[in-house]
Amino acid sequence: MQRRSFLKKATLGAAAGGAALAAPVLAQESPTLNWRLASSFPRSADAIFSGGENLAKYVAEATDGKFNIRAFPAGEIVPALQVLDAVQNNTIECGHTASYYYYGKDPALCFDGAVPFGLNTRQMNAWMRHGNGLKLTRELFQKYNIVNFPCGYTGTQMGGWFRNEIKTVDDLKGLKFRASAFAGAVLSRLGVVPQQIAGGDIYPSLEKGTIDAAEWIGPYDDEKLGFHKVAKNYYFPGWWEGTLQVSLYVNQEVYNKLPKHYQAVLAQASAAATNDMIATYDAENPAALRRLVSQGAQLKAFPKPVMEACYAEAVKVYQELSAKDATFKKIYDDMVAFRDNEIPWFRVAEGSFDGFMGTIGRGK
């Protein structure tokens with residue numbers, strides 16, 4: 001299998017000095033390992049939860065069942081919002097989570113996941129792999145005894161489900177809104193009362209009226225969790241998540257003990273799981289959105305004045321955090337420079353093509 005080719009080259013290359021050594025060297029360098037992976041996502045959100053499952057599948061396939069990772073959904077062995085702590089402390093070997101859950105621990109961690117008015121999927125992937133994104137975030141995660149691997153993208157997310165319409169900035173005042181912590185830091189400046197609630201607890205909170213609005217991911221996941229049954233106004237875009245990068249976190253000490261080819265397996269398996277997640281969302285979201293609209297969801301764009309007000313407040317938050325933390329400023333400045341270099345190209349090529357294709361007749 002192609003998935004095993006890179007592993008075979010790594011292990012067999014070590015035994016190139018003689019065929020008689022190949023079997024014992026392979027056995028010595030390929031120990032049997034059994035890891036646990038704690039996810040921050042419920043099994044019901046299968047598209048994002050499957051990132052951890054697919055990672056585990058690829059690792060097992062590439063090592064002929066020697067390196068096994070069992071993925072557990074949110075709350076089963078670790079609370080959804082405590083995955084980073086569990087990996088840092090080696091309670092578990094690894095986790096699959098979103099870094100913005102740990103904004104309260106260190107806002108700079110969010111650059112590994114999503115930040116307001118940040119990067120889209122293509123740009124984030126490019127920044128991580130061919131820019132400084134992975135280098136800078138790994139330097140940061142060293143403080144937490146963690147090695148991070150990009151392990152999935154959701155694409156640009158939706159702006160969420162609202163009981164009442166958002167027509168002006170004033171409509172945000174007093175709104176109890178489930179949102180990620182970084183988005184909440186921006187929205188709170190406009191009068192929103194942000195709530196950070198794990199995915200599996202959003203629906204009952206919205207149904208009971210504990211919150212007035214909630215964002216989760218996008219049509220495919222939102223439909224599964226049934227938000228359209230309790231709030232009809234479905235806004236876009238989720239400006240706090242031009243994409244969400246979900247990541248594999250591995251305890252640094254445990255990672256350092258792995259054979260080099262097992263470390264390579266983790267990197268390759270994470271990349272494969274990333275591609276799977278992108279394809280899943282791109283394939284499933286269009287039909288899910290149509291179904292939601294057919295069931296009464298009211299699709300609405302955030303008014304431009306609301307978007308502009310949110311952007312202005314986001315810039316102020318970035319400036320304040322940059323003034324307090326040199327590491328935050330270093331990563332932020334690098335991301336902004338990368339983003340501002342990318343956007344003109346996307347407007348010329350992707351934007352113009354997509355814009356034209358949206359105007360022509362379908363199926364012709």
Side-chain angles (χ1 to χ4, degrees), residues 38-42 48 74-75 77-92 94-118 133 136-148 154 157 160 172 175-202 205 210-211 213-217 238-252 310 313-332 335:
S39 176
S40 287
F41 313 107
I48 195 165
I77 57 172
V78 172
L81 306 184
Q82 295 179 25
V83 171
L84 183 148
D85 302 87
V87 176
Q88 179 181 4
N89 299 327
N90 200 16
T91 304
I92 51 173
C94 61
H96 190 238
T97 187
S99 66
Y100 57 28
Y101 290 146
Y102 314 106
Y103 175 88
K105 185 183 293 290
D106 186 343
L109 292 169
C110 298
F111 290 109
D112 183 63
V115 295
F117 300 99
L136 292 171
T137 55
R138 281 198 169 166
E139 289 174 357
L140 172 63
F141 273 88
Q142 284 180 357
K143 296 195 308 184
Y144 299 92
N145 198 34
I146 285 172
V147 182
N148 57 308
T154 64
Q157 296 194 7
L172 297 173
L175 189 77
K176 291 178 289 184
F177 181 32
R178 185 275 175 192
S180 62
F182 206 151
V186 175
L187 288 164
S188 65
R189 301 168 74 102
L190 296 168
V192 171
V193 183
Q195 312 286 315
Q196 191 167 12
I197 302 172
D201 299 324
I202 298 174
S205 298
T210 307
I211 56 177
E215 59 83 30
W216 176 226
I217 299 177
W239 46 262
W240 44 87
E241 293 171 73
T243 192
L244 170 62
Q245 176 182 284
V246 288
S247 293
L248 172 72
Y249 291 173
V250 181
N251 178 273
Q252 179 77 65
C310 291
E313 294 303 328
V315 170
K316 293 177 184 177
V317 172
Y318 283 129
Q319 290 172 342
E320 293 169 7
L321 291 173
S322 294
K324 295 177 183 177
D325 182 2
T327 297
F328 184 97
K329 184 178 188 304
K330 180 180 179 181
I331 303 175
Y332 172 64
M335 185 206 72

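Basis for what follows: all heavy atoms, side chains included, without hydrogens, waters or symmetry-related copies.
Taking all atoms of both residues into account, the shortest heavy-atom contact from A213 to L175 is CB-CD2, 4.4 Å. In terms of heavy-atom proximity, L187 sits nearest to A179 at CD1-CB, 4.5 Å. Of all heavy-atom pairs between A214 and I202, the closest is CB-CG2, 3.5 Å. Pairing each heavy atom of R189 with each of K316, the nearest pair is NH2-CB, 3.6 Å. Heavy-atom minimum distance, G95 versus V83: CA-CG1, 3.6 Å. Between E215 and S180, the closest heavy-atom pair is OE2-N, 3.3 Å.
Applying the side chain to side chain donor-acceptor pair (under 3.5 Å) test to S99 and every residue at least two apart in sequence or in another chain returns nothing. Among residues two or more places apart in sequence or in another chain, the side-chain contact (heavy atoms from CB on, under 4.5 Å) test is passed with T91 by A86, N89. For A80, the side-chain contact (heavy atoms from CB on, under 4.5 Å) criterion is met by A74, A198, not counting sequence neighbours. By the side-chain contact (heavy atoms from CB on, under 4.5 Å) test, S247 is found to be paired with D112, Q245, Y249, residues two or more places apart in sequence or in another chain being considered. Listed by chain and residue number, K176, V193, I197, I211 satisfy the side-chain contact (heavy atoms from CB on, under 4.5 Å) test with Q195 (two or more places apart in sequence, or in another chain).
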- What do the steps show when you test I48 against T154 for side-chain contact (heavy atoms from CB on, under 4.5 Å), and what is the final call? CA-CA 8 Å; I48 195 165; T154 64; 4.1 Å; yes
- Task: Evaluate side-chain contact (heavy atoms from CB on, under 4.5 Å) for F141 paired with L84, printing each intermediate quantity in order.
- Result: CA-CA 10 Å; F141 273 88; L84 183 148; 4.1 Å; yes
- For the pair F111 and F182, evaluate ring-ring contact (aromatic ring centres under 6.0 Å, His included) and give the outcome as yes or no after the intermediate values. CA-CA 10 Å; F111 290 109; F182 206 151; 7.1 Å; no
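Judged by distance alone, with hydrogens and angles left aside, the side-chain atoms of R138 form no donor-acceptor pair with the main-chain N or O of V147 at under 3.5 Å. Formation of a donor-acceptor pair under 3.5 Å by the N145 side chain with backbone atoms of N251 is not found in this model. Proximity of a side-chain donor or acceptor of Y100 to a complementary backbone N or O of A183 within less than 3.5 Å is not detected.
In this structure, the side chains of E313 and V317 stay at 4.5 Å or more apart for every pair of heavy atoms. By the 4.5 Å heavy-atom criterion applied to side chains, Q252 and Y144 are not counted as neighbours. By the 4.5 Å heavy-atom criterion applied to side chains, T97 and V87 are not counted as neighbours.
In this structure, CD on Q82 lies 8.5 Å from OH on Y102, to the nearest 0.5 angstrom. Interatomic distance, T243 OG1 to Q157 CD, rounded to the nearest 0.5 Å: 7.0 Å.
Ring geometry for H96 versus F41: interplanar angle over 60°, hence perpendicular rather than tilted (30 to 60°).
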Side-chain donor-acceptor pairs under 3.5 Å in residues 323-332, sequence neighbours left out?
unit_1: D325; atom_1: OD1; unit_2: T327; atom_2: N; d: 3.0
unit_1: K329; atom_1: NZ; unit_2: D333; atom_2: OD2; d: 2.7

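Side-chain contact of Y103 with Q196: a donor-acceptor pair under 3.5 Å is absent, judged by distance alone.
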